[in-house]
Amino acid sequence: MFCYQCQETAGCQGCTVSGVCGKSPEVANGQDLLIYVTKGLSEVTTALRKQGETVLPEVNSHITLNLFTTITNANFDNDVIYQRALDTLRIKDELLQKIENKEGLHEAAVWTASDRNEMERKAPAVGVLATENEDVRSLRELITYGLKGLSAYMKHANELGYDSDDINAFVQRALAATLNDSLGADELVALTLESGKFGVDGMALLDSANTGTYGNPELTRVNIGTGKNPGILISGHDLKDLELLLEQTKGTGVDVYTHSEMLPAHYYPAFKKYDNFVGNYGNAWWKQKEEFESFNGPVLMTTNCIVPPKDSYKSRVFTTGASGFPGCVHIEKAENGKKDFSQIIELAKTCEPPKQIEEGEIIGGFAHNQVLALADQVVDAVKTGAIKKFFVMAGCDGRQRSREYYTEFAQAIPADAVILTAGCAKYKYNKLNLGDINGIPRVLDAGQCNDSYSLAVIALKLKEVFGLEDINDLPIAFNIAWYEQKAVIVLLSLLYLGVKNIHLGPTLPAFLSPNVANVLVETFGIAGIGTVEDDIQLFMGE
Ligand code: FS2
Ligand code: SF4
């Protein structure tokens, strides 16, 4: 196996024996094969579009779900992965018949298999290292990882009935381009930046889906303690799953708690009507071994990030959507679009209530609509000098000790600075009680990682209010933490919007070759992190 798609990759180089995330070599190979056949299908659909044919929404959806399935910590179930690969080949073989000129198609578009054994034999030859040129490999993977993140956002939007032909066509065109040996570094750099444009579009689409369905996030205080009823813990990112769960638990005596990236669900008006929607339990994904244990009740994983569960609570872990883990019950969507969570609810009734591990409240809900409602207050605070700087500290949390930098950084920023956050990175500083500036909290949480879009909207609005030409003339610094591939599309989106001098940590991606890293450094001023003291000085221009 060879995988270097996430920040925790072994030795900052690549996982070759097994994944730091718990992914076995067999699953890594299965995912490589799934990506390979998905690229093949994408080359076929892209050729069909060129012939003027329409690609069905089911095919688009199949492709984005395949990509989502291979995101770090989403799906460890090789039966599911190989079945999806086989289904992909069936769809592709059928569509291939319609291609008028098959000459010049990549092997991935014409290769097929009839069973898992054949696919398993093929898998080791089609992984990341199949591209020999280090820079081309780096750019192909950078694009592919960005598309994985974008696909995750598309799937969430799809669940709420939102879709975009343009974005699907781009995802497939770009996947097909990563197979094309005639594309050199310059073309791939251009495609990387184009991915950022579609990243912005994808996040905007999901923002419309979420706010159009559940209302605009608003300033909310979220309980982090526990009640006396048994509970279900819902993790991951899918708001539709949460809605279905809340509907089905109403009046059952079972409470629902959010975990990790589900916390921002509390900020949406539509979820406030459920009396049994009690609060948020625990922290970011990587602490789940302890927190799922002490929660006592069932856990529903709607997406990544799954940490391979301990036997002591594994029978209480359920998966749905793109997520999966062998031995954990997977709840499928029925034909009518509903999901039946009754077995989770019945199990919850037999469980002890959650053990309280924290108490108090955290505050959030500062997506674009809420912040813009406070715009006068914010602009005034900037004009009077009460707020001197905004730090965008969005992204992911993770297990490495070096991430304590972000807690220390948040504590060390001057008292007249405000943190704008989104994603599970927030757990490094959202319980520090950093106070407020003239009533504006010093940590403004916009929501999930995709709500980084909100932070961009806010920055663009401030640029307009202050009459600036360039977003980089604002008193905003970007100090982003990354872990998995959704952070890659967020980064590419920020670059597309013209944001410069983003600091990325705790380490730069292993999949950036020295030359590709240089392009990002020279063109966009991307940098890693240093010590807290040095970085604060640098950001404050001292
Ligand atoms: Fe955190 Fe994991 Fe949100 Fe990432 S819960 S690292 O999926 O996308 O963020
Ligand atoms: Fe390693 Fe990350 Fe790949 Fe898992 S996802 S195998 S930890 S690089």
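Remember, it's 1-based here, ligands and their atoms both numbered in the order they're listed. All residue numbers refer to positions in the sequence shown, counting from 1. Scope of the values below: all heavy atoms of this structure, side chains included, with no hydrogens, waters or symmetry mates. Please read these numbers as outputs of a predicted model, since none were measured by experiment.
- Checking side-chain atoms of Ser323 against main-chain N and O of Met301 turns up a donor-acceptor pair under 3.5 Å.
- Tally of protein N, O or S atoms closer to atom 4 (Fe) of ligand 2 than 2.8 Å: 1.
- In this model, no donor atom of one side chain and acceptor atom of the other lie less than 3.5 Å apart for Tyr257 and Thr226.
- Between Tyr268 and Tyr214, the ring planes are perpendicular. Angles over 60° get that label, and only those under 30° would be called parallel.
- Under the 3.5 Å distance criterion, with hydrogens and angles disregarded, a donor-acceptor pair is assigned to the side chains of Asn60 and Gln172.
- Of the charged side-chain nitrogens involved, none lies within less than 4.0 Å of a carboxylate oxygen, so that Lys486 and Glu261 do not count as a salt-bridged pair.
- When only modelled atom types and interatomic distance are considered, Asp445 and Thr421 share no side-chain donor-acceptor pair under 3.5 Å.
- Glu404 has a carboxylate O that lies under 4.0 Å from a charged side-chain N of Arg401, or vice versa, which qualifies the two as a salt bridge.
- Taking the six-membered ring for Trp and thresholds of 30 and 60 degrees, Phe68 and His156 have ring planes more than 60 degrees apart, a perpendicular arrangement.
- Annotation: protein N, O or S atoms under 2.8 Å of atom 3 (Fe) of ligand 1 (waters excluded) comprise His237 NE2, Glu261 OE2, Cys449 SG.
- Salt-bridge annotation for Glu194 and Lys197: absent, with no side-chain N of the basic residue lying under 4.0 Å from a carboxylate O of the acidic one.
- Residue contact check: Tyr483 has heavy atoms under 4.0 Å from atoms 6 (S) of ligand 1.
- Side-chain atoms of Lys155 and Thr303 form no donor-acceptor pair, as typed in the model, at a separation below 3.5 Å.
- Counting atoms of ligand 1 from 1 in the listed order, those under 4.0 Å from a heavy atom of Trp285 are 1 (Fe), 2 (Fe), 5 (S), 6 (S).
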